[in-house]
**Q** 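The structure follows.
We name chains A, B, ... by the order of the sequence lines, and we start the count at 1 in each one.
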Amino acid sequence: MIKSVYINGIAAISPQNTFEGDDFFSAPISFDDNYLLVQDADYKKYINPVQIRRMSRILKISYSTARKAIEDAGVVSLDAIITGSGYGCIDDTEKFLLSMLHQNEQMLNPTAFMQSTHNSVSGIVALNMKCNSYNFTYVHRGLSFESSMIDAMIHIQEGMKNILVGGFEENSKNHYQVTNKISFWKKNNINSLELLADNNIGTIAGEGANFFVISGEKNEHTYASILDIAMLYKPTSDEEVSKAIQDLLAKNNLTTDDVDVYLTGLNGDNTLDSTYYNMAEKLFASKSMLYFKHLCGEYYTAPSFGLWVASMILKKQMIPDILYCKKQATNSVKYILLHNHYRNINHGFCLLKHE
Amino acid sequence: MSSKVYITGIGAITAIGNNAKENFDSLVHKKHGLTHTRFLNTIHKEIFPVCEINLTNDALASMLGIENKQGYTRTALLGMIAVKEAIEDAGIAWKENTLEKKYKTALINSTTVGGMRHTEEIYLDLLEKESQPETNSYIDTHDLGECTERIADYFGVKSYITTISTACSSSANAIMLGVRLIQQGIVDRAICGGVDSLSKFTINGFNTLMILDKEHCRPFDNTRVGLNLGEGAGYVILESEKIVQEENKKPSCFVSGFANTNDAFHQTASSPNGDGAFMAMSQALAMAHLEPKDISYINVHGTATPNNDLSEGRAMERLFGTDDAPKFSSTKPYTGHTLAACGGIEAVYGVMAIENGVIYPSLNFNEKMEELTIQPETETLTGVEVNHVLSNSFGFGGNNSTVIISKVK
Amino acid sequence: MEDLKTKLKEQLIEALNLEGMKPEEIDNAAPLFGEGLGLDSIDALELIVLLEKNYNIRIEDPKDGRKVFHSIDTMAEFIQSKQLSA
């Protein structure tokens with residue numbers, strides 16, 4: 001990208017205490033049922049009473065996070081709103097679907113249907129911000145958030161100033177039960193903070209909303225700059241993944257030596273994690289390897305939580321112990337490579353720089 | 001707009017035709033696709049007419065040479081059929097994984113309900129019964145990105161794959177993104193469009209909003225009460241100037257302008273004055289460096305809901321005036337409202353309007369709306385110089401999109 | 001009639017998720033939409049479902065809802081007239 005792109009505001013509602021205050025995993029919260037839910041915020045602070053009564057849980061979570069990110073960036077207007085979500089508002093979707101099936105298609109409530117659309121969140125933010133400009137929602141599985149971010153970065157190149165970008169996903173018991181049939185989740189309940197200790201198939205289910213204000217200008221709010229984002233679809237070998245990483249670095253005149261931290265989407269599924277370990281060994285042997293899904297669980301847009309973590313590390317120049325998979329001495333953190341993949345089908349890479 | 005992005009291939013499948021040509025013939029001969037569903041097991045079967053493609057999933061799979069169709073959703077199959085036509089229309093070799101041999105390609109797909117048609121059939125079984133291989137093969141097809149990956153895998157697209165869902169403006173937005181990715185040099189070529197298959201979920205959903213018509217829908221008519229749902233897929237192939245020159249192609253059209261705006265008025269309804277629609281159309285015109293009078297034909301969103309047509313009509317009158325506003329029609333009475341697919345399908349119609357010098361007639365129009373002066377074209381016009389087609393797609397969440405397709409001189 | 005109105009208010013509070021609101025806080029004659037309770041077109045659709053679910057009364061044309069849903073008084077009158085004619 002020719003023009004630099006900055007992260008000037010961030011907010012996250014996650015299974016950890018990430019929303020209020022300035023805490024950075026000083027007291028990580030553990031879950032023991034493979035099913036992580038967010039720490040609820042005081043949504044009434046962000047949403048007026050007329051609206052809140054109709055909003056589903058994920059709408060409240062996402063909308064509040066979006067507002068907080070905007071506040072954090074200190075901007076008053078947005079040039080675009082772009083969200084990413086693999087399942088969208090799955091709770092409302094299921095609610096409508098199950099009533100339809102159980103009530104034989106009769107006496108169904110419109111609200112659940114209306115809010116089941118994937119672009120409900122971006123629409124509600126626009127509605128409340130009176131933002132008449134560009135409004136997109138990407139729904140491509142493990143690349144929903146990366147697609148949103150690339151779109152925003154292109155918009156900055158095209159001249160936009162401030163863009164809200166967010167990833168969100170909600171956990172649902174029914175969906176958990178159904179996807180359990182195809183071995184998405186661990187068979188035995190584990191302590192989420194010991195995610196990597198269980199060497200079996202499956203991971204833990206999570207959720208969250210992570211929003212960012214992306215800008216073409218650096219200011220006192222800036223957390224980091226995003227140098228580049230790349231996506232890789234269905235690599236046939238780890239060599240292909242390694243080449244994608246090296247190409248991305250080369251495109252930005254960097255090598256693996258420049259990267260201080262390899263931040264990964266390790267999720268404890270022994271059929272899926274080997275690629276990260278191979279990259280760490282092959283490309284980043286002398287670098288720290290971090291992970292974050294023991295804190296947020298697995299979901300399509302979990303890399304947006306990864307980006308929140310990376311933004312915090314770069315701004316605070318501090319790495320909480322809970323994030324380390326492999327610790328190497330580092331004086332300062334200048335470059336972070338965030339690498340996440342969804343079932344080895346969708347790989348996303350995000351290259352960040354300290355400002 | 002910076003470099004030109006050309007449309008070099010089109011493909012569509014709807015209730016009025018299995019390919020673009022069949023669609024064209026139905027449009028000019030005023031043949032609509034409304035019927036009662038043959039394949040969906042819904043209590044609304046006899047009540048709400050729909051535009052259903054008269055092919056079973058087996059038939060769709062065999063059109064694609066897919067022998068074991070387990071795990072393929074109807075949505076994926078419809079998308080593949082339309083993409084195949086578009087790729088072949090653009091003269092792109094794709095078999096044996098040659099599609100990206102020379103040029104980096106993006107697949108930008110869109111859908112609103114993805115695999116819902118299968119989910120709704122198997123969901124209670126999944127929750128209440130033991131695992132079955134057949135039902136399990138559809139578990140991971142529910143989300144909206146799965147069909148995109150099926151399409152990508154079938155044709156060998158790998159460089160850039162994504163899916164957009166902004167309700168009924170989805171595939172117009174897919175086209176916009178395709179143009180921007182090519183202009184930024186991220187890819188050389190983009191396959192852009194959308195697909196949705198009929199489902200009980202959407203029929204019941206729109207029914208709760210009380211905007212389904214039990215009769216044939218009547219866009220821009222004073223007596224309109226709602227829409228008819230449809231299913232289908234429509235895609236365009238966008239290519240860079242570089243490809244067009246290197247491959248010595250002679251495309252008929254290019255994308256000259258577009259805009260996406262938000263009404264920021266209401267969660268589902270459009271603003272009565274059509275502010276979002278007005279902004280989308282005027283920004284798209286500005287990007288294309290065109291005056292309102294330059295537009296030869298408007299393919300309106302025209303769903304025939306009381307709210308959409310009033311909002312869209314007022315926005316058109318504000319922008320184009322009432323005296324010599326461009327000719328316009330809605331093709332929704334032919335195809336039904338195909339949700340995410342309509343922007344792609346209607347872009348295909350726009351290209352064919354330019355290539356054939358034709359303006360399609362609206363159906364079921366009898367009485368001018370009391371709030372408006374303008375009214376849709378009701379007869380097929382041939383031998384018309386169609387230089388610029390403006391196509392509108394508006395959706396829930398206040399999402400308004402306009403794409404302008406222009407003739408290559 | 002008063003019983004019906006109280007019942008109706010309870011049902012309305014539940015269906016529209018008017019958190020923290022009590023039946024006695026809703027004035028029988030006050031408009032439910034716009035100025036009054038601030039309900040909108042989506043609530044109107046929810047009220048149509050409410051009538052069907054609880055009173056077995058169907059409103060086919062959403063336009064008819066406007067008059068019926070003006071206030072608790074008009075809703076109660078409508079329900080009673082339908083029940084009498086049934």
**Q** How long is the straight-line distance from CE of A:M231 back to OG1 of B:T162, given to the nearest 0.5 Å?
**A**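 Going from OG1 on B:T162 over to CE on A:M231, the span is 5.5 Å.
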
**Q** Taking atom types as modelled and ignoring hydrogens, do the side chains of A:E105 and B:N207 form a donor-acceptor contact shorter than 3.5 angstrom?
**A** no

**Q** With a 4.5 angstrom heavy-atom cut-off, which part of A:S120 approaches chain B: side chain, backbone, both or neither?
**A** neither

**Q** Less than 4.5 Å apart, any side-chain heavy atom of A:I154 and any of B:L181?
**A**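 A:I154 vs B:L181: side chains touch.
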
**Q** In sequence, state the C-alpha distance, the side-chain angles, and the governing distance for B:Y160 and A:Y233, and then conclude on ring pair (Phe, Tyr, Trp, His ring centres under 6.0 Å).
**A** CA-CA 8 Å; B:Y160 199 107; A:Y233 176 64; over 10 Å; no

**Q** State, yes or no, whether a side-chain contact exists between B:D140 and A:I182 at a heavy-atom distance under 4.5 Å.
**A** yes

**Q** Find the distance between CE (A:M100) and NZ (B:K200) and round it off to the nearest 0.5 Å.
**A**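 Spacing of CE (A:M100) from NZ (B:K200) equals 5.0 Å.
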
**Q** Within the side chain of A:N119, is there an N or O that forms a donor-acceptor pair under 3.5 Å with the backbone of B:F396?
**A** yes

**Q** Only one of A:H140, A:R141, A:H118 clears side-chain hydrogen bond (donor to acceptor under 3.5 Å, both in side chains) with B:T163; which?
**A** A:H140

**Q** So for B:A152, is it side chain, backbone, both, or neither that comes closer than 4.5 Å to the heavy atoms of chain A?
**A** side chain

**Q** If you define the side chain from C-beta out and look only at heavy atoms, does anything of B:I164 sit under 4.5 Å from A:T137?
**A**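 Result no, sub-4.5 Å side-chain heavy-atom pair not found.
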
**Q** Report the distance from atom CD of B:Q184 to atom CD of A:E158, rounding to the nearest 0.5 Å.
**A** 5.5 Å

**Q** If you count heavy-atom pairs under 4.5 Å with chain B, which of A:N128, A:L108, A:T111 comes out on top?
**A**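 Sorted descending by pairs with chain B, the first entry is A:L108.
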
**Q** Picking from A:T179, A:L143, A:V125, A:L101, which has the most non-hydrogen pairs under 4.5 angstrom with chain B?
**A**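 When all of A:T179, A:L143, A:V125, A:L101 are compared, A:L101 has the most.
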
**Q** Please flag which part of B:H142 lies under 4.5 Å from any non-hydrogen atom of chain A: side chain, backbone, both or neither.
**A**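 Just the side chain, heavy atoms under 4.5 Å.
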
**Q** For A:N135, does its backbone N or O pair with a side-chain atom of B:N260 as donor and acceptor, under 3.5 Å?
**A** yes

**Q** Could you report the tightest heavy-atom contact between A:L127 and B:A264, atom names first, then the distance?
**A**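 Between these two residues, the closest heavy atoms are CD1-C, 3.3 Å.
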
**Q** Measuring heavy-atom distances to chain A, does B:E146 have an atom under 4.5 Å in its side chain, in its backbone, in both, or in neither?
**A**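 The answer is both parts of B:E146.
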
**Q** Would you say that more than 12 heavy atoms from the other residues, nucleotides or ligands in this model lie under 6.0 Å from the CG of A:N104, or not?
**A**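 For A:N104, atom CG is crowded (more than 12 foreign heavy atoms under 6.0 Å).
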
**Q** Give, for atom CG of B:L144 and atom OH of A:Y138, the distance between the pair rounded to the nearest 0.5 Å.
**A** 14.5 Å

**Q** Taking only heavy atoms into account, what residues of residues 90-99 of chain A are found under 4.5 Å from chain B?
**A**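 So far as heavy atoms go, A:T93, A:E94, A:F96, A:L97, A:L98 are the residues that approach chain B to under 4.5 Å.
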
**Q** Among A:I345, A:L232, A:T117, A:I150, which residue forms the greatest number of heavy-atom pairs with chain B at distances under 4.5 Å?
**A** A:I150

**Q** Looking only at heavy atoms, which of residues 117-131 of chain B get nearer than 4.5 Å to chain A?
**A** B:T119, B:E120, B:Y123, B:L124, B:D125, B:L126, B:L127, B:E128, B:K129, B:E130, B:S131

**Q** What residue in A:S85, A:A126, A:A112, A:G123 has the most heavy-atom pairs under 4.5 Å with chain B?
**A** A:A126

**Q** Is there a side chain to side chain contact (heavy atoms under 4.5 Å, CB included) between A:F113 and B:L209 once you walk through the steps?
**A** CA-CA 9 Å; A:F113 173 71; B:L209 301 179; 4.0 Å; yes

**Q** Answer with side chain, backbone, both or neither: which region of B:F201 has an atom nearer than 4.5 Å to a non-hydrogen atom of chain A?
**A** both

**Q** So which of B:T42, B:T112, B:T148 has the biggest tally of heavy-atom pairs under 4.5 Å with chain A?
**A**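 When all of B:T42, B:T112, B:T148 are compared, B:T42 has the most.
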
**Q** Going from OG on A:S133 to CG on B:N262, what distance comes out if it is rounded to the nearest 0.5 angstrom?
**A**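 Here the rounded value is 8.0 Å.
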
**Q** Between A:K181 and B:N136, is there a donor-acceptor pair closer than 3.5 Å when you use the side chain of the first and the backbone of the second?
**A** no

**Q** Can you measure from CE (B:M116) to OG (A:S116) and round to the nearest 0.5 angstrom?
**A** 7.0 Å

**Q** Considering residues, nucleotides and ligands other than B:K214, do more than 12 of their heavy atoms fall under 6.0 Å from its NZ?
**A** no

**Q** Please look at A:E146 and chain B and tell me whether the side chain, the backbone, both or neither of the residue comes under 4.5 angstrom of a heavy atom of that chain.
**A**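 For A:E146, neither part sits under 4.5 Å from chain B.
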
**Q** Going by an N to O cut-off under 4.0 Å, is there a salt bridge joining A:K234 and B:D153?
**A** yes

**Q** Taking only Lys NZ, Arg NE, NH1 and NH2, and the carboxylate oxygens of Asp or Glu, determine whether B:K158 and A:E240 approach each other closer than 4.0 Å.
**A**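 Counted as a salt bridge, because a side-chain N and a carboxylate O are separated by less than 4.0 Å.
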
**Q** Which answer fits A:Q177, side chain, backbone, both or neither, if we ask what part of it has an atom under 4.5 Å from a heavy atom of chain B?
**A**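 Looking at A:Q177, just its side chain touches chain B.
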
**Q** Below 4.5 Å from any heavy atom of chain B, which atoms of A:H155 appear? Answer side chain, backbone, both or neither.
**A**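 Contact with chain B is through both the backbone and side chain of A:H155.
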
**Q** Quick one: what part of B:M210 sits under 4.5 Å from any heavy atom of chain A, side chain, backbone, both or neither?
**A** neither

**Q** If you count heavy-atom pairs within less than 4.5 Å of chain A, which of B:V157, B:I186, B:I161, B:D263 leads?
**A** B:I161

**Q** For each of B:N109, B:D275, B:T261, tally heavy-atom pairs with chain A at distances under 4.5 Å, and name the one with the top tally.
**A** B:T261

**Q** Just so I know, are the side chains of A:F136 and B:N173 near enough to count as touching, which here means a heavy-atom distance under 4.5 Å?
**A**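 SC-SC contact between A:F136 and B:N173 confirmed.
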
**Q** Take a 6.0 Å sphere around NZ of A:K243 and say whether it holds more than 12 heavy atoms from other residues, nucleotides or ligands.
**A** no

**Q** Crowded around A:K251 NZ? As in, over 12 foreign heavy atoms under 6.0 Å?
**A** no

